[in-house]
Amino acid sequence: MEHLLEITMPQFDNSLAFAKKLDRNDPLKKFRVKFHLPRVGNRTAIYFTGNSLGLQPKSTKNFLSEELRDWAALGVEGHFHAKRPWLYYHKFSKKSLAKIVGGKPSEVVAMNQLTVNLHLMMASFYRPTKERFKIITEAGAFSSDQYAFESQVQFHGLDPQKAIVELSPRSGEFTLRTDDILTAIEENKNELALVIFGAVQYYTGQFFNIKEITEAGHEAGAYVGFDLAHAIGNVPLQLHRHNVDFATWCGYKYLNSGPGGLSGIFVHEKHAANFDLPRLAGWWGHQEKERFQLEKGFKPMQGADGWQVSNFPVLSGAAQLASLEIFEEAGMKNMRRKSILLTSYLEFLLQSIENAEHHFTIITPAIEEERGSQLSLLMKKDGRKIFKKITKAGVIADWREPNVIRIAPVPLYNTFEEVFLFTQFFKKMVL
Ligand SMILES: *Cc1c(COP(=O)(O)O)cnc(C)c1O
């Protein structure tokens, strides 16, 4: 499988010296200083929530200052004469975003925010008919996605109870089996309009098999889309090759584009010139050459660009460019390699806690190609208390009701030593 980079997993060892050795040998170690690291009290925090809000690159300020400077100096003329002319700003991130999602530059465009983009994508790709009206998705999808699906179904005058099929893990299991997903798609094939999954499930950290789900969805005659909120910048993606119809993502999680940062979309090339697909239009999706003639009659651009609605948010876009520059330099392959090591090391240390199984269960898949840089710990007792204590000790992690702690060591700025120190605190708290 192509996610399987050739990694020789070292024999892990439960010692600070070993963690430090992994850090010394880390080809990405120089990237940590490119970020502002939050503090708790007078210490640098151990920040394990890059899956919720990625850290600020030190270069972000410069990128933003340049736009503020050009705005001050040029006013509206900045659309043409800024260092990065605002009129074309959506083009500047295309190459990097395309690489990260495994698409072509024409298949991606930065725009809006995630849930808005979900709606825009569903306006085109969820076109229920009397016969085909069902959506298949994972149970327990992020609330915003659930609201989007529910309201889209209602928008078409349908009943969410009948139209939305949510797949749950087998009893006693925490994640979905690919075979069960494929079977459910097959069983619903005569009524299926859309298959849509969070590529990496936000709660469990499960990385779904995009290739097989997409193939099955297409065989069933449905469109297939993915929410990449927790996948982009985290796991390897091949959206073009895997023939995914559409996807959208968050810019502020692993992509480090800042709070409320810019999202984007992927629309497969096969739909690039399909102007029969209905879309919710705006002037920024109109043919670029004629956009400023401001005339009647929407003529969409080819490719993902034709789904743009509003003019580009330059300040958000500038913050994103700062981050993408770092991604270009680090390379997704290197990040994935370190991410696998970091996460496996965390898993090893957690599992070597005495009687670990009495205190918590790791519900994230144990297989590397089925997860990214996140482990979700289902706490068996005193979960919230333990979480509060590790927060006090200077670890910024994430609590999810009713009793899950999510730990996300991010390859760009976290270290093996931090993973080691965290598990030392954690051990003291649970034992
Ligand atoms: C973070 C996240 C969101 C947030 O949506 P916004 O539109 O960016 O506010 C939605 N869905 C998923 C799966 C997420 O992880």
Side-chain angles (χ1 to χ4, degrees), residues 48-55 93 97 100-101 108-123 125-126 135-152 164 166-168 175-176 181 194-208 210 213 224-235 237 239 244 246-266 280 307-310 313 315-317 319-320 323 363-364 371-376 396-401 404-408 410:
F48 283 158
T49 36
N51 59 339
S52 227
L53 183 73
L55 290 182
S93 54
L97 289 172
I100 294 171
V101 302
V108 299
V109 68
M111 62 186 211
N112 310 314
Q113 284 178 271
L114 170 68
T115 313
V116 170
N117 286 337
L118 261 182
H119 279 298
L120 294 177
M121 291 292 94
M122 288 180 79
F125 294 101
Y126 179 57
I135 297 174
I136 283 194
T137 187
E138 86 264 20
F142 192 85
S143 59
S144 199
D145 302 46
Q146 291 189 32
Y147 305 152
F149 304 158
E150 184 185 320
S151 58
Q152 282 280 336
I164 302 175
E166 294 184 343
L167 307 185
S168 299
T175 50
L176 279 163
I181 299 173
L194 176 65
V195 176
I196 185 161
F197 275 77
V200 170
Q201 220 285 335
Y202 83 100
Y203 193 82
T204 64
Q206 179 176 19
F207 179 19
F208 291 111
I210 293 180
I213 291 173
V224 182
F226 287 89
D227 177 336
L228 308 179
H230 285 267
I232 192 165
N234 174 21
V235 290
L237 297 164
L239 300 186
V244 170
F246 70 91
T248 176
W249 54 81
C250 275
Y252 52 85
K253 292 173 178 166
Y254 292 95
L255 279 194
N256 308 324
S257 306
L262 197 54
S263 168
I265 57 163
F266 165 92
L280 300 179
W307 271 268
Q308 293 177 99
V309 179
S310 290
L315 297 180
S316 279
Q320 177 147 90
S323 169
I363 60 172
T364 306
R371 69 186 187 197
S373 58
Q374 171 188 333
L375 292 183
S376 299
I396 305 182
D398 174 89
W399 174 257
R400 290 284 139 168
E401 294 296 341
V404 162
I405 298 177
R406 295 187 307 173
I407 308 289
V410 170

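Indexing begins at 1, ligand by ligand and atom by atom, following the structure's order.
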Below 4.0 angstrom from a heavy atom of Ala229, which ligand 1 atoms are there? Numbered from 1 as shown, please. 12 (C), 13 (C), 14 (C), 15 (O)
Quick one: closest heavy-atom pair of Ser52 and Asp398, and the distance? OG-OD1, 4.0 Å
Kindly indicate whether the side chain of Leu280, heavy atoms from C-beta on, has any atom under 4.5 Å from the side chain of Val309. no
Out of the candidates Ser323, Cys250, Ser316, only one should pair with Leu262 under the side chain to side chain contact (heavy atoms under 4.5 Å, CB included) rule; please name it. Ser316
Checking heavy-atom distances from atom 1 (C) of ligand 1 to each of His230, Gln201, Lys253, the winner is Lys253
Within the 4.5 Å heavy-atom criterion, are Gln201 and Thr175 side-chain neighbours or not? no
Taking only non-hydrogen atoms of Thr115 and a 4.0 Å limit, the atoms of ligand 1 in range are 5 (O), 6 (P), 7 (O)
Does Gly198 have a heavy atom less than 4.0 Å from any atom of ligand 1? no
When Ile210 is tested against each of Val244, Val235, Val224 for side chain to side chain contact (heavy atoms under 4.5 Å, CB included), which residue passes? Val244
Atom 10 (C) of ligand 1: of Val200, Thr248, Leu114, the nearest heavy atom sits on Leu114
Please report the closest heavy-atom contact between Ala110 and Leu97, naming both atoms and the distance. CB-CD1, 4.0 Å
Under 4.0 Å from a heavy atom of Tyr252: give me the atoms of ligand 1 that qualify, with their elements. 1 (C), 4 (C), 5 (O), 6 (P), 8 (O), 9 (O)
Please state which protein non-hydrogen atom is closest to atom 11 (N) of ligand 1 and give its distance, to 0.1 Å? Asp145 OD1, 2.6 Å
